[in-house]
Amino acid sequence: MADIRTTPIEADRFYHIYNSGINGDIIFKSDYNYFFFFSKVAEFLVSVCDVYAYCLMSNHFHLLVKIKSDFELESLVKVQNLDNASERIGLHSPQNIFSKQFARIFNSYSQAFNKENNRHGALIESPFKRKAITSDEYLINTIIYIHQNPQNHSIVDDFSKYKFSSYQSMLSNSKTLLKRDEVIDLFDDKENFILSHKKIIDFNF
């Protein structure tokens, strides 16, 4: 069985990305922390992947993403002037590009969190954990699982009311960086999206 921490990242594929604070420590203490983390996702991650769903909780988070195409990733490398001759080996691989952007999120967020809370050292586990999505059914169930997570962890009684997940955004008409239309299409329409979320999904992570 492949190590969930090191499953290679491939272009044009969906991945369930999840991670937690070191030793299960708190990584989000305030609303500002949640918003700041997601601002870093917008800043560093959307250039290398499309975000389909997310849920941020006090000591861990879940993201469902689709990695950009090889062409898009290679274009990003060239724009960032990362393709120097001495650095070319493996640099264009989705694994390296995606991991580099994720490291930027973790580093930026951790530095800000540590400064705010007068702490030092690593905050979030490394490497981040990931599972490749292997079917449309798995993709749909992962979206539901991510949205249900706050209720599964007894953080809220009703996951649909939790404000730090993508569930409410999927039913909104407000501007979003999420692939809202693509997600709703997976469920056919918003009504079925809501109905499908009434079944319990448990992946036993």
| remark: Looking only at heavy atoms, the pair that brings L139 and L186 closest together is CD2-CD1, 3.6 Å
| query | Can you check whether I67's main-chain N or O pairs, donor with acceptor, with E10's side chain at less than 3.5 Å? | reply | no
| field | Where H197 and I144 come nearest, the two heavy atoms and their spacing | value | NE2-CA, 3.7 Å
| said: Test your reading of the model: is there a side-chain donor-acceptor pair from D189 to the backbone of E191, 3.5 Å cut-off? | reply: yes
| message | Can you tell me how far apart CD1 (I140) and OG (S135) are? Round to the nearest 0.5 Å. | response | 8.5 Å
| Inter-residue atom distance Y18.OH - N149.CG, 0.5 Å rounding | 11.5 Å
| query | Is a side-chain donor-acceptor pair under 3.5 Å present for E72 with S75? | reply | no
| said: I'd like to know if L171 and L178 are part of one continuous hydrophobic network [Ile/Leu/Val/Met/Phe/Trp/Tyr, side-chain heavy atoms within less than 4.5 Å]. | reply: yes
| task | Could you please spell out the steps behind the side-chain contact (heavy atoms from CB on, under 4.5 Å) verdict for I146 and H16? | result | CA-CA 9 Å; I146 288 174; H16 177 193; 4.0 Å; yes
| said: Please check this pair: side chain of N192 against backbone of F187, looking for a donor-acceptor N/O pair closer than 3.5 Å. | reply: yes
| Are a donor atom and an acceptor atom from the side chains of N114 and H120 found within less than 3.5 Å of each other? | no
| Is a side-chain donor or acceptor of E182 paired with a backbone partner of Y52 at a separation under 3.5 angstrom? | no
| Below 4.5 Å, heavy atoms only, C-beta onward: do I105 and Q101 meet side chain to side chain? | no
| said: Apply side-chain contact (heavy atoms from CB on, under 4.5 Å) to residues L64 and I133 and explain how you reach the verdict. | reply: CA-CA 9 Å; L64 176 63; I133 304 299; 4.0 Å; yes
| note | Rounding to 0.5 Å, atoms CD1 (I194) and NZ (K190) come to a distance of 8.5 Å
| task | Check whether any side-chain heavy atom of F61 lies under 4.5 Å from a side-chain heavy atom of L63, and answer yes or no. | result | yes
| query | Hey, is NZ on K161 packed in by over 12 heavy atoms from elsewhere, all under 6.0 Å? | reply | no
| said: Given 3.5 Å as the limit, does a donor-acceptor pair link the side chain of D158 with the main chain of S160, or not? | reply: yes
| message | side-chain contact (heavy atoms from CB on, under 4.5 Å), that's the test. Do V48 and K100 meet it? Break it down for me. | response | CA-CA 10 Å; V48 295; K100 178 181 175 64; over 6 Å; no
| query | Would you say the side chain of I9 lies within less than 4.5 Å of the side chain of Y15, judging by non-hydrogen atoms? | reply | yes
| task | First locate atom CD1 of I26, then atom CE of M57, and finally report the distance between them rounded to the nearest 0.5 Å. | result | 11.5 Å
| said: Measuring only between side-chain heavy atoms, which start at C-beta, is V183 closer than 4.5 Å to F193? | reply: yes
| About how many Å separate NZ of K40 and CG of N107, when rounded to the nearest 0.5 Å? | 11.0 Å
| remark: All heavy atoms of S69 vs all of A11, minimum pair found to be C-CB, 4.0 Å
| request: Check whether any side-chain heavy atom of H62 sits under 4.5 Å from a side-chain heavy atom of S165, and report yes or no. | output: no
| Is there side-chain contact between H60 and N19, with heavy atoms separated by less than 4.5 Å? | no
| request: Give a yes or no on whether Y109 and I22 share a hydrophobic cluster (residues Ile, Leu, Val, Met, Phe, Trp, Tyr; joining criterion: side-chain heavy atoms under 4.5 Å apart). | output: no
| said: Please confirm whether the ring centroid of F159 lies under 6.0 Å from the ring centroid of Y167. | reply: yes
| query | More than 12 foreign heavy atoms under 6.0 Å from NZ of K68: is that the case here? | reply | yes
| task | Measure the CD1-OH distance between I143 and Y138 for me, rounded to the nearest 0.5 Å. | result | 12.5 Å
| field | No-hydrogen, no-angle side-chain donor-acceptor test under 3.5 Å, S166 and H147 | value | yes
Sequence neighbours excluded and cut-off under 3.5 Å, please list the side-chain donor-acceptor pairs for residues 30-38, or say none.
{"residue": "S30", "atom": "OG", "partner": "Y32", "partner atom": "N", "Å": "3.4"}
{"residue": "S30", "atom": "OG", "partner": "N33", "partner atom": "N", "Å": "3.2"}
{"residue": "S30", "atom": "OG", "partner": "N33", "partner atom": "OD1", "Å": "3.4"}
{"residue": "D31", "atom": "OD2", "partner": "K163", "partner atom": "NZ", "Å": "2.9"}
{"residue": "N33", "atom": "OD1", "partner": "K29", "partner atom": "N", "Å": "2.8"}
{"residue": "N33", "atom": "OD1", "partner": "S30", "partner atom": "N", "Å": "3.1"}
{"residue": "N33", "atom": "ND2", "partner": "E116", "partner atom": "OE1", "Å": "3.0"}
{"residue": "Y34", "atom": "OH", "partner": "S58", "partner atom": "N", "Å": "3.3"}

| request: May I ask you to test the F98-L45 pair for a side-chain heavy-atom distance under 4.5 Å? | output: yes
| request: Answer yes or no for R104 and F106: cation-pi contact, defined as NZ/CZ to six-membered ring centre under 6.0 Å and angle to ring axis within 45°. | output: no
| task | Would you mind reporting whether Y54 and V65 have side-chain heavy atoms less than 4.5 Å apart? | result | no
| remark: Closest non-hydrogen contact found for G21 with I27 is CA-CG2, 3.5 Å
| request: Examine distances only and state if a side-chain atom of R180 and a backbone atom of S172 form a donor-acceptor pair shorter than 3.5 Å. | output: yes
